[in-house]
Number of protein chains: 2
Amino acid sequence: MVQKPTPIREQTRAVVRSLLAQTALELFAAKGYDDTTVEEVAAAAGVSRRTLFNYFRSKEDLALGGISEQGELIAARFAERPADEDPWASLRAAFRVLEEIETTAERRLEVVTILFGNESLRPGHAEKQARWQDLLAPLIEPRLPDSGRRAFEARAIAAAAITCLQAALEEWVRRGGRVDLFELYDTAVQAIRRLA
Amino acid sequence: MVQKPTPIREQTRAVVRSLLAQTALELFAAKGYDDTTVEEVAAAAGVSRRTLFNYFRSKEDLALGGISEQGELIAARFAERPADEDPWASLRAAFRVLEEIETTAERRLEVVTILFGNESLRPGHAEKQARWQDLLAPLIEPRLPDSGRRAFEARAIAAAAITCLQAALEEWVRRGGRVDLFELYDTAVQAIRRLA
DNA sequence: CACTGATGTGCACTGCGTGCAAGTCTCTGC
DNA sequence: GCAGAGACTTGCACGCAGTGCACATCAGTG
């Protein structure tokens, strides 16, 4: 019988992973992303550098990994939406899961600021964007009218929506979190969809 | 008097830079981006590794640098468009400069395939996307109705248009260049702007 | 022809990421 | 309860990207 593949192992593994991500964020916040070495993060968390790389593929992954599973959350929420809802409405609703993640407002601002304020992390965002796109596009596709290019259109819509969210997040950080994120998102979506 | 800052110097510099980019592309095409070291490119071009880094900031820059000035071309073309034209129409027209760049069709496909087919270069595309956004947004802004958020809206539009172009390019590569790029672009734009 | 400044180049160094070969710990079957 | 299979940790040694520095070299100037 193979019930739980092993509780303890996986449990500690999750804990360590979480600890590492936590420690990393603190150091990044204190010293900046570029001026923090992986070595330091590992030391601060009490593991070896090599071990850290057993948990995270890269330094970027270390920074963004904590929020990497958000893509799945969004996709899951999207899938729950009624099948005849407008894709854009579903996307907006799906993105809202980001607000439901348990954390304080200041902490969220802090994290997002680190993640978006740093030049070196843009690659990571691109990576994330691509993954989200891959997750969402297949869900959007069946909602579009048959056109022979639905798959491509679905990708475009997913990409555009994510881009709007990205733009909204950047602006949100720029304004120190003093505006409602989804108000910005709506502004962005309206701006691109409004015919001149 | 400081007329021409020096013809010869800058001339050779441009030649060497071009040669390096060329050599790099050939090697990337032959061995793949990840399996080609900067060392090899430098050697093949007959310069030292260190010198290569005097011409290009990074390996990525080496791959994408050849097309990095495209952003300025696009922005310049956009600026030439009539001020009362719909931003989306201007953007489309501006993007068309990409077709005017002198090169054979196969060569273009080859280059774009290398550049878009490789995972490791996504960061570079993100970089490019960001730069184009910074160039285009300020030009779009004055064309929008006053709303108190024009700057943000302009960024969103620029980002979305670039995203559509990106999506179109990816699809274009996926189909082996056998479709018209701007037909794909139009499909993408229509897909995101069409109200349900 | 000597001078200045820009460029080419070697060298050493930091940091990321990986393969390998121990050693250590956890669960399993006996 | 114990021995062995298998996973996790860790150190070590690489390779590669990118940078700072010092020295050599070469184009252009008076």
Side-chain angles (χ1 to χ4, degrees), chain A residues 1-21 23-24 27-28 31-65 68 118-124 126-127, chain B residues 1-21 23-24 27-28 31-65 68 118-124 126-127:
Chain A
M1 287 293 281
V2 183
Q3 311 185 24
K4 294 289 179 185
T6 315
I8 298 256
R9 279 233 199 271
E10 305 214 356
Q11 205 169 329
T12 54
R13 204 173 162 78
V15 169
V16 171
R17 187 181 161 90
S18 164
L19 171 66
L20 280 169
T23 307
L27 285 182
F28 292 160
K31 305 181 42 181
Y33 178 79
D34 290 317
D35 292 334
T36 305
T37 68
V38 174
E39 183 87 46
E40 291 171 319
V41 176
V47 299
S48 71
R49 198 176 73 100
R50 196 63 186 78
T51 296
L52 186 149
F53 279 112
N54 285 342
Y55 283 88
F56 296 91
R57 268 193 225 136
S58 64
K59 187 181 180 183
E60 247 179 46
D61 192 22
L62 183 57
L64 302 170
S68 75
N118 192 293
E119 197 74 4
S120 310
L121 283 174
R122 213 172 266 172
E127 201 50 41
Chain B
M1 286 294 280
V2 184
Q3 313 185 23
K4 294 290 178 183
T6 314
I8 298 255
R9 280 231 196 275
E10 303 214 357
Q11 205 170 329
T12 54
R13 207 176 159 74
V15 169
V16 172
R17 186 181 161 89
S18 166
L19 171 66
L20 280 168
T23 308
L27 285 181
F28 293 160
K31 305 181 45 181
Y33 178 79
D34 290 317
D35 292 334
T36 305
T37 69
V38 173
E39 183 88 46
E40 291 170 318
V41 177
V47 298
S48 73
R49 199 176 72 98
R50 196 62 187 77
T51 295
L52 187 150
F53 278 113
N54 285 343
Y55 283 89
F56 296 92
R57 270 195 225 131
S58 64
K59 187 180 180 184
E60 246 179 48
D61 192 21
L62 184 56
L64 302 171
S68 75
N118 192 294
E119 197 74 6
S120 311
L121 282 174
R122 215 174 264 171
E127 201 52 39

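Proteins get letters first, then strands, A, B, ... in listed order; numbering begins at 1 in each. Just so you know, these numbers use all the heavy atoms, side chains as well, and skip hydrogens, waters and symmetry mates.
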For this session: Give A:R57 one of three labels, base, sugar-phosphate or nothing, depending on what nucleic acid heavy atoms sit under 4.0 Å from its own.
Result: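 The residue A:R57 makes sugar-phosphate contact but no base contact.
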For this session: Give A:T37 one of three labels, base, sugar-phosphate or nothing, depending on what nucleic acid heavy atoms sit under 4.0 Å from its own.
Result: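 Since only primed, P, OP1 and OP2 atoms lie under 4.0 Å of A:T37, the category is sugar-phosphate.
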Where the side chain of [X] is concerned, which of [options] is the nearest nucleotide?
X     : options                : answer
B:R50 : D:dG18, C:dG15, D:dG20 : D:dG20
A:N54 : C:dG8, D:dC8, D:dT10   : D:dT10
A:R13 : C:dA12, C:dG17, D:dT9  : D:dT9
B:K59 : D:dA17, D:dC8, D:dG20  : D:dA17

For this session: Return the 5'-most residue of the pair B:T51, A:V38 with respect to DNA chain C, ranking by each residue's nearest nucleotide.
Result: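 The residue closer to the strand's 5' end, by nearest nucleotide, is B:T51.
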Search all heavy atoms of [X] against all heavy atoms of [Y] and return the closest pair with its distance.
X     : Y     : value
A:L20 : A:L62 : O-CD1, 4.1 Å
B:K31 : B:T36 : CB-OG1, 3.6 Å
A:V38 : A:L52 : CG1-CD2, 3.7 Å

Rounded interatomic separation in angstrom, taking [atom1] from [X] and [atom2] from [N]:
X     : N      : atom1 : atom2 : result
A:Y33 : C:dG15 : OH    : P     : 14 Å
A:E40 : C:dT14 : CD    : P     : 13 Å
A:F56 : C:dG15 : CZ    : C1'   : 19 Å
B:F53 : C:dC11 : CZ    : C1'   : 15 Å
A:E60 : C:dG15 : CD    : P     : 18 Å
A:L52 : C:dC16 : CG    : P     : 10 Å
A:E39 : C:dG17 : CD    : C1'   : 13 Å
A:L19 : D:dT9  : CG    : C1'   : 15 Å

Is [X] near enough to [N] that one of its side-chain N or O atoms lies under 4.0 angstrom from OP1 or OP2?
X     : N      : result
A:S48 : D:dT10 : yes
B:Y55 : C:dG8  : yes
B:S58 : D:dA17 : no

Problem set entry | Separation of A:S48 OG from A:E39 CD (nearest 0.5 Å) |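 One gets 9.0 Å once the value is rounded to the nearest 0.5 Å.
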For this session: Mind checking the CG-CZ spacing from B:D61 to B:F53? Nearest 0.5 Å is all I need.
Result: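 Interatomic distance, B:D61 CG to B:F53 CZ, rounded to 0.5 Å: 10.0 Å.
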Exercise. Is the base of D:dG18 touched by the side chain of B:R49 through a donor-acceptor pair closer than 3.5 angstrom?
Worked result: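 Side chain to base: pair present.
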